[in-house]
Number of protein chains: 2
Amino acid sequence: MAHHTKNDILDAAEYLFAEQGFTQTSMREITTRAQVNLASVNYHFGSKKNLIQAVFKRYFDKLMPDIEKSLLGLSAKEGTQGVELLLFSLIPPMINLSTVSENGTATFVKLLGRGYNETQGHLRRFIMNDYGACIRELVDCIQRCLPSLPKETLFWRMHFAIGSFVFSMTSSQALTEIAESDFHKHIEIEEVMSQLVPFVAQGLAGSIDS
Amino acid sequence: MAHHTKNDILDAAEYLFAEQGFTQTSMREITTRAQVNLASVNYHFGSKKNLIQAVFKRYFDKLMPDIEKSLLGLSAKEGTQGVELLLFSLIPPMINLSTVSENGTATFVKLLGRGYNETQGHLRRFIMNDYGACIRELVDCIQRCLPSLPKETLFWRMHFAIGSFVFSMTSSQALTEIAESDFHKHIEIEEVMSQLVPFVAQGLAGSIDS
DNA sequence: GTCTATAGATCGATAGAC
DNA sequence: GTCTATCGATCTATAGAC
């Protein structure tokens, strides 16, 4: 059936893209993993590039409405604590991505990292075109928590924060293995995010004169 | 002459690797840019994989001794300020990488980011084998600034910090373009690093009970 | 050491039978 | 919608003349 085939391709593709990158993943690998015919990818998605966008669309269509709801239900509070509350409110929508696919959260962030520097800006344009409103709203919320922070400082710190998240997820397998062997406990993605939120909140809210 | 050819290949390769990634850069692109023959890469380096390692080696051989010197000349000071001082002391060695190649600093960090998630751990092993002592010393110095911080918290925060740096450099072109168009001023890499240091210092030193 | 030429593998995409 | 078969392009790596 077509619907199953299409979803099977998406499942296989997102896994391989996240683990290996877009260029390093061939159509043959995808169709083999999805147990469908090689030609079906081009039949259903037209091209590899379209397939990549479809993989992202499945996540963003789930994530963005959830984030908008989280932002609406937020009590405005200033300072580090306000930022930390805001960031914590983003965790449930992120965790919810597990309903899209197994390990959906980590997969999505890995894909985001890959997309940021493998697709030469194509992805950034696609995201800002289709989901720009929600992203701008998120930035505004953070700015309202930190009214005295110059826009330029916030701009850089926001990207530093994204970098922390993307990198820790992209390298999550290696990092989790090291952490588990060093600290003798099982690491879940929720824990990594709980570690990340205070780091990012402190970094974002830090005074600029020191 | 052999020496020139070898260096020309390294110069061309590191530029293309940093901008496009390892897989997306072909030997033909490298040799064309270096204006040398296609076969000379395999003659001088044996394989593409060895070429990648040689590109990294040129940077680490310059960077690691400088970092060790910086750490030795550091007056131990605790807390956020101590971390910030330590991080600031790393900036000159990083800036000095411009002597290795044009835009050496950004190129190196971009390569690091690429290597972290394109080479399936091969690079991590290579780095820890050849330069692990210096890296461990750096971690110890930070730990000494933050004696009350659990090792596990520090572990995660260190990687969040690396992620911030790598991501901002990997996306530096896009980010710098946006920043320049939004804030109407030219952005230099020193400025990005000056923005980064307080962010990372605050994030690293933040209290764990909040 | 540097070149040409090419082997050998793999890729994305498509044509055409069913 | 799904399959086989294959085209045409591109890649890394190497053999062998100079």
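Per chain, numbering begins at 1; letters A, B, ... match sequence-line order.
Distances shorter than 4.0 Å separate some side-chain N or O of A/His44 from OP1 or OP2 on D/dT2. An OP1 or OP2 oxygen of D/dT2 is reached within less than 4.0 angstrom by a side-chain nitrogen or oxygen of A/Thr5.
Summary for the helix from C/dG1-D/dC18 to C/dC18-D/dG1: the axes at its two ends, each from 5 pairs, differ by 10° when rounded to the nearest 10 degrees.
Looking at heavy atoms from C-beta onward, A/Leu90 lies out of side-chain contact with A/Val197 at the 4.5 angstrom threshold.
For B/Phe183 and A/Phe155, the gap between ring centers is short of 6.0 Å. In this structure, B/Phe108 has its ring center under 6.0 Å from that of B/Phe60.
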What does nucleotides 4-18 of chain C look like as a protein-contact string, B for base, S for sugar-phosphate only, - for none, at under 4.0 angstrom between heavy atoms? B------BBBB----
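One finds no salt bridge joining A/Glu19 and A/Arg114 here, because no Lys/Arg side-chain nitrogen approaches an Asp/Glu carboxylate oxygen to under 4.0 Å. Look at A/Asp11 and A/Lys6 and you find no salt bridge, because none of the NZ, NE, NH1 or NH2 atoms lies under 4.0 Å from a carboxylate O.
Around the OH atom of A/Tyr15, the shell of radius 6.0 Å holds no more than 12 heavy atoms that belong to other residues, nucleotides or ligands.
Checked by atom type, the side-chain pair A/Ser164/B/Ser164 shows a donor-acceptor distance below 3.5 Å.
A straight line from CG of B/Asp8 to P of C/dG1 spans 15 Å, rounded to a whole angstrom.
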Could you go through A/Glu191 and A/Lys185, starting from their C-alpha distance and side-chain angles, then the distance that decides it, and tell me whether this counts as salt bridge (charged side-chain N to carboxylate O under 4.0 Å, His left out)? CA-CA 11 Å; A/Glu191 171 154 4; A/Lys185 59 181 229 188; 3.0 Å; yes
